[in-house]
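Below is one structure, written out as structure tokens; comments come after it.
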Amino acid sequence: MSSIQTAVSSGRAGLVTIRKAAELIGLSEKAIRRKREEGIWLEGREIVVGPDKRIYVDIEAFQKWVRGLQ
């Protein structure tokens with residue numbers, strides 16, 4: 001089982017920091033930021049900005065994006 005599958009099935013994933021998302025999904029932090037900047041990943045869908053302006057990645061939305069469900 002991959003690290004992302006383990007994290008999701010154990011309930012540890014959901015909203016994670018860009019650093020943790022990079023570790024889980026195998027993209028660099030820069031690639032994740034670029035997807036946001038280019039509008040590939042949208043705020044409120046794959047990307048969530050907290051009240052403190054910290055950026056999080058929604059792992060479940062990422063999985064849907066990978067599978068072409070969004």
Side-chain angles (χ1 to χ4, degrees):
M1 189 179 290
S2 73
S3 60
I4 193 167
Q5 290 169 325
T6 302
V8 170
S9 65
S10 69
R12 290 190 317 239
L15 296 178
V16 296
T17 63
I18 289 178
R19 177 173 289 162
K20 186 64 173 178
E23 177 186 319
L24 289 171
I25 65 180
L27 294 174
S28 68
E29 292 180 43
K30 183 176 180 180
I32 292 170
R33 292 180 193 281
R34 197 174 319 119
K35 288 191 182 315
R36 178 182 182 229
E37 291 165 4
E38 294 175 358
I40 296 168
W41 289 0
L42 301 177
E43 224 170 274
R45 195 170 68 187
E46 293 87 7
I47 300 293
V48 176
V49 179
D52 60 353
K53 305 299 182 209
R54 194 162 185 187
I55 300 168
Y56 297 90
V57 176
D58 184 322
I59 296 297
E60 289 182 43
F62 160 77
Q63 290 179 313
K64 288 178 183 178
W65 173 80
V66 166
R67 290 187 168 91
L69 301 175
Q70 292 207 69

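None of the values given here were measured: they were computed from a predicted structure.
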Donor-acceptor list for residues 47-54 side chains, cut-off 3.5 Å, not counting sequence neighbours:
unit_1, atom_1, unit_2, atom_2, d
D52, OD1, R54, N, 3.0

Quiz item: Are I40 and I25 grouped together when hydrophobic residues (ILVMFWY) are joined by side-chain heavy atoms under 4.5 angstrom apart?
Solution: yes
Exercise. Indicate if L42 and I59 have the same hydrophobic cluster label, given that clusters are the connected sets of ILVMFWY residues with side-chain heavy-atom separations under 4.5 angstrom.
Key: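 Each belongs to a different hydrophobic cluster.
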Please name the pair of heavy atoms, one in [X] and one in [Y], separated by the smallest distance, quoted to 0.1 Å.
| X | Y | answer |
| --- | --- | --- |
| A61 | R45 | CB-O, 3.4 Å |
| A22 | S28 | CB-C, 4.1 Å |
| W41 | E46 | CA-OE1, 3.4 Å |

Self-check item: side chain to side chain contact (heavy atoms under 4.5 Å, CB included) assessment of Y56 paired with T17
Solution: CA-CA 5 Å; Y56 297 90; T17 63; 4.1 Å; yes
How many angstroms lie between atom [atom1] of [X] and atom [atom2] of [Y], to the nearest 0.5 angstrom?
| X | Y | atom1 | atom2 | result |
| --- | --- | --- | --- | --- |
| K20 | L15 | NZ | CG | 14.5 Å |
| I32 | L27 | CD1 | CG | 5.5 Å |
| D58 | Q63 | CG | CD | 9.5 Å |

Exercise. I would like to know whether F62 and L24 meet side chain to side chain contact (heavy atoms under 4.5 Å, CB included); could you show each step before the answer?
Key: CA-CA 11 Å; F62 160 77; L24 289 171; over 6 Å; no
Quiz item: Can you list every salt bridge (charged side-chain N to carboxylate O under 4.0 Å, His left out) pair that touches residues 31-42, not counting sequence neighbours?
Solution: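 For residues 31-42: R36-E43.
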